[in-house]
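In what follows, a structure is listed as structure tokens, so that the remarks can point back to it.
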Amino acid sequence: MKITRIFAHRVELPLREGNYQWSGGKSVQVFDSTIVGVETDTGLVGFGEVCPLGPFYLPAYADGVRAGLKEIAPHLLGWDPRELSKLNHRMDAALKGHAYVKSGIDIACWDILGQATGMPVCELLGGRFGAKVRLYRAISQEDPAVMAQKVAGYRAEGYTRFQLKVGGDPDTDIQRIHAVRAMLAPSDRLVADANTGWTQHEAVRVVRAVKDVDVYIEQPCLTYEECLAVRRLTNHPFVLDENVDGIDMLLRAKADLAMDVVNLKISKLGGLTKTRQVRDLCVSMGIAMTLEDSWGGDITTAAIAHLAHSTPEEYRFTSTDFNSYVTVSNAQGAPQRVHGFMEASQAPGLGIKPNFSVLGPRLVDVSAR
Ligand code: MG
């Protein structure tokens with residue numbers, strides 16, 4: 001089997017709540033997502049999705065996905081999409097870094113491998129663990145009372161895991177954490193995710209002010225060293241996210257005992273192949289994970305579901321269903337949340353079919369001439 005064409009469509013994903021706000025006043029109203037297609041000489045076509053959280057979250061931006069695909073795609077024509085390690089090796093030789101650019105191609109090739117073998121991607125990634133995957137809800141940054149109200153609403157829909165967007169004014173963030181925890185049952189889990197937004201002294205103040213609250217602290221500061229300093233001054237369970245972008249940082253953080261949970265985002269790590277490698281290492285080292293992506297719609301949600309469902313349940317801290325946050329459905333067959341849980345499809349590959357009617361024109365189209 002050979003890759004004969006790589007193409008990409010842009011699709012806008014407006015938010016149901018109107019916008020999504022997090023640390024430092026960053027906000028997005030409409031996500032700019034890229035749907036990547038990989039065509040083969042057998043007629044099989046696989047799909048992936050890459051959707052940065054705006055241009056100011058990680059070193060990734062939506063037009064960068066498309067520009068990077070134009071750069072890398074000519075190097076992959078004629079290669080076998082089922083040979084995923086070889087394909088990733090090829091991508092890394094052709095384009096240094098830019099993990100997020102490679103993510104959509106890698107996901108699409110897993111979709112092809114699944115279709116070619118008749119197996120769902122989660123089974124190819126190691127097997128289906130348990131019946132369903134528990135989800136968290138991210139709560140956009142607003143006034144403490146509004147966030148508490150939203151948590152109560154989503155809790156009534158079945159969610160039991162919540163990730164508060166903090167990383168703003170520390171005094172307000174302290175109120176946010178107290179107000180939301182007060183709405184929850186003891187078994188519910190609450191994460192305060194500062195998305196790098198606090199300086200070190202602010203973070204230390206916040207963790208002290210909530211020291212008797214049952215809350216996880218996620219990525220309080222910009223640098224790894226600042227986060228580690230805060231980690232050593234708190235007894236809260238601690239999550240690293242933005243700083244862990246590959247194996248090197250994971251191993252360093254493990255050696256430093258810098259985290260209890262790590263947040264793995266498929267596009268941050270460069271696709272399902274590389275995320276699986278990090279995921280399997282976390283399982284071997286006993287580190288639980290939030291398994292997700294930076295953002296996306298139905299195709300991203302399907303990829304997350306397969307990744308999460310193929311992870312032992314005790315190491316699955318949370319995942320999320322991005323397709324329920326947005327108003328546009330970019331594919332049929334994606335998992336749909338049922339009372340705070342989702343399941344990976346039983347169909348071969350990712351189990352999705354893109355809704356071409358909602359996609360914009362092909363902005364990338366590279367084929368053998
Ligand atoms: Mg995070």
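Start at 1 with the first residue, then count along the sequence. Remember, it's 1-based here, ligands and their atoms both numbered in the order they're listed.
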_Going by side-chain contact (heavy atoms from CB on, under 4.5 Å), name the residues that satisfy it together with E226, two or more places apart in sequence or in a different chain._
Q200, C221, L222, T223

*Which protein N, O or S atoms lie under 2.8 Å from the Mg ion (ligand 1)?*
D193 OD2, E218 OE2, D241 OD2

*asked:* Check E142 with K150, please: is the shortest side-chain N to carboxylate O separation under 4.0 Å?
replied: yes

_side-chain contact (heavy atoms from CB on, under 4.5 Å) involving V244 - partner list, sequence neighbours excluded_ = L240, L250, V262

*Sequence neighbours left out, what passes side-chain contact (heavy atoms from CB on, under 4.5 Å) with K86? Give chain and number order.*
W79, E83

*Given the side-chain rings of Y325 and F31, with only the six-membered ring counted for Trp, is the space between their centroids under 6.0 Å?*
no

*Using a distance-only test with no angle check, is there a side-chain donor-acceptor pair under 3.5 angstrom linking E292 and T320?*
no

